[in-house]
Amino acid sequence: MVGGHAIDAFTWAESSQLERLLRILFCNGSTLFVFIAGYLFQHLSGRFVAGKYFRSKLKNVILPYVVVSIPAIIVFVAFRQRDDLWPGFYDAPLTTQVVMFFLTGTHLATLWFIPMISLIFVLGPILVPLDRNGRLYWLLPVAVVVSAFVNRGLAWQSAIHFFSVYLLGMACSHFRQPVNNFLSQRVVLIAIMAIMGLLIGAELLLTNQTMTYLNYFQKLLLSLFFIGFLFRHNESLTSRFVNGIADTSFGIYFLHAYVIFSFRLAAITVYGGLPAAQILWIVIYTLLVMLVSLALVRFIQRLLGKRSRMLIGS
């Protein structure tokens, strides 16, 4: 996800195939976040209590979203205008602009995710009993087809698009033993990689966009690949650094847009524009954004203790 957003910190030659390839590989990484959310929801559903569930979401998702949103909304309401919003947005009253920013998450490139996933969270009390009898997962093929035709857009459109991903995550948790045993086989992992390669090639050669149904299927397969790969290599991949990234991932998600915006602003101020894209600089920049975001999360955690989760989600 950080890599996908880092691409926009550079200027690209017109019709750059490298840019297309990187966007195909790294953009739409939110699919993995939704998959993990569905997986964890089912994994914890055995002790599901509706009141506690919604209080937790308000405290650990909605509240950090509101807090993290405030600086960006102030900037894009009072000082600058975003040029990628729908016509007439800034003709609306100030309060309407603020409300629409909160409802759509368009004030920062990363925050559209929260209004969308919140709509899926609302389905929690319905999904739990359906999960327990297992019949819910008969809907998965239909949901996948719907996702291929309904692309990302406003929060409700994105929720429809990503519901199949959330449902697939739930299914992988519900049937975790056979799923893990199957996906962790070397031949299955190689087959998934091969199919992903074909989808990447097809999207690169046959389309002019990146958020296509081909990319959706590629990221869906990537989610399954990581389940099998991590199950197969769990012990060898476990490290203090990896665990640290995992523990702070939600905080990194909330803060990395500000880090990217700060770097972009500094580059424009100092050099008069964004640097030309080079693969080495993109890799370095992505790692730098992630490490700075991680450092900010750790600093806030040490400063606020357990209360940091209510402010930055970690």
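Every heavy atom of this structure was used, including side-chain atoms; hydrogens, water molecules and symmetry mates were not.
Under the ring pair (Phe, Tyr, Trp, His ring centres under 6.0 Å) criterion, Trp138 pairs with no residue, sequence neighbours left out. Not a single salt bridge (Lys or Arg N to Asp or Glu O under 4.0 Å) links Arg264 to another residue, sequence neighbours left out. When the side-chain contact (heavy atoms from CB on, under 4.5 Å) test is applied to Ile126, the partners found at least two apart in sequence or on another chain are Leu123, Leu130. The ring pair (Phe, Tyr, Trp, His ring centres under 6.0 Å) search around Phe48 returns Tyr53, not counting sequence neighbours. Qualifying side-chain contact (heavy atoms from CB on, under 4.5 Å) partners for Leu22, counting only residues two or more places apart in sequence or in other chains: Ile7, Trp12, Leu18, Phe26, Ile279, Ile282. For Tyr253, the ring pair (Phe, Tyr, Trp, His ring centres under 6.0 Å) partners are Phe33, Phe113, Phe250, not counting sequence neighbours. Residues forming a ring pair (Phe, Tyr, Trp, His ring centres under 6.0 Å) with Tyr137 (at least two apart in sequence, or on another chain): His174, Phe175.
Looking only at atom types and distance, the side chain of Gln301 has a donor-acceptor partner in the side chain of Arg298 under 3.5 Å away. In this model, a donor atom of one side chain and an acceptor atom of the other lie less than 3.5 Å apart for Asn28 and Arg152.
With respect to Leu199, the side chain to side chain contact (heavy atoms under 4.5 Å, CB included) criterion is satisfied by exactly one of Leu214, Asn215, Leu222: Leu214. Each of Val188, Leu183, Asn181 was evaluated against Gln185; a single residue qualifies, Val188, per the side chain to side chain contact (heavy atoms under 4.5 Å, CB included) test.
With Thr11 contributing its side chain and Pro275 its backbone, the two residues share a donor-acceptor pair below 3.5 Å. In this structure, the side chain of Arg20 does not engage the main chain of Leu205 through any donor-acceptor pair within 3.5 Å. Side-chain atoms of Thr248 do not come within 3.5 Å of backbone N or O of Gly251 as any donor-acceptor pair. When atom types are taken as modelled, the side chain of Ser308 and the backbone of Gly305 share a donor-acceptor pair closer than 3.5 angstrom.
In the hydrophobic clustering of ILVMFWY residues, with side-chain heavy atoms under 4.5 Å counting as a link, Val145 and Phe163 come out apart. When the side chains of ILVMFWY residues are joined at heavy-atom separations under 4.5 Å, either directly or via intervening members, Leu108 and Val66 end up in a single hydrophobic cluster.
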- Report the C-alpha distance between Phe89 and Phe101 in whole Å, list the side-chain angles of each, state the deciding distance to 0.1 Å, and finish with yes or no for ring-ring contact (aromatic ring centres under 6.0 Å, His included). CA-CA 10 Å; Phe89 178 88; Phe101 272 136; 4.8 Å; yes
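When side chains are defined from C-beta on, Phe263 counts as touching Val292, because their heavy atoms get closer than 4.5 Å.
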Expected list for residues 91-100: side-chain donor-acceptor pairs under 3.5 angstrom, two or more places apart:
from, atom 1, to, atom 2, distance (Å)
Gln97, NE2, Ala92, O, 2.9

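The CD1 atom of Ile36 sits 12.5 Å away from the OH atom of Tyr166 when rounded to the nearest 0.5 Å.
A side chain to side chain donor-acceptor pair (under 3.5 Å) check over residues 190-202, counting only residues at least two apart or in different chains, returns nothing. Annotation: side chain to side chain donor-acceptor pair (under 3.5 Å) contacts involving residues 55-64, sequence neighbours excluded, comprise Ser56-Asn60. For the side chain to side chain donor-acceptor pair (under 3.5 Å) condition, the pairs that include at least one residue of residues 61-77, sequence neighbours left out, are Ser69-His107. Counting only residues at least two apart or on different chains, the side chain to side chain donor-acceptor pair (under 3.5 Å) pairs with a member in residues 155-164 are Ser147-Ser164, Ser164-Tyr216.
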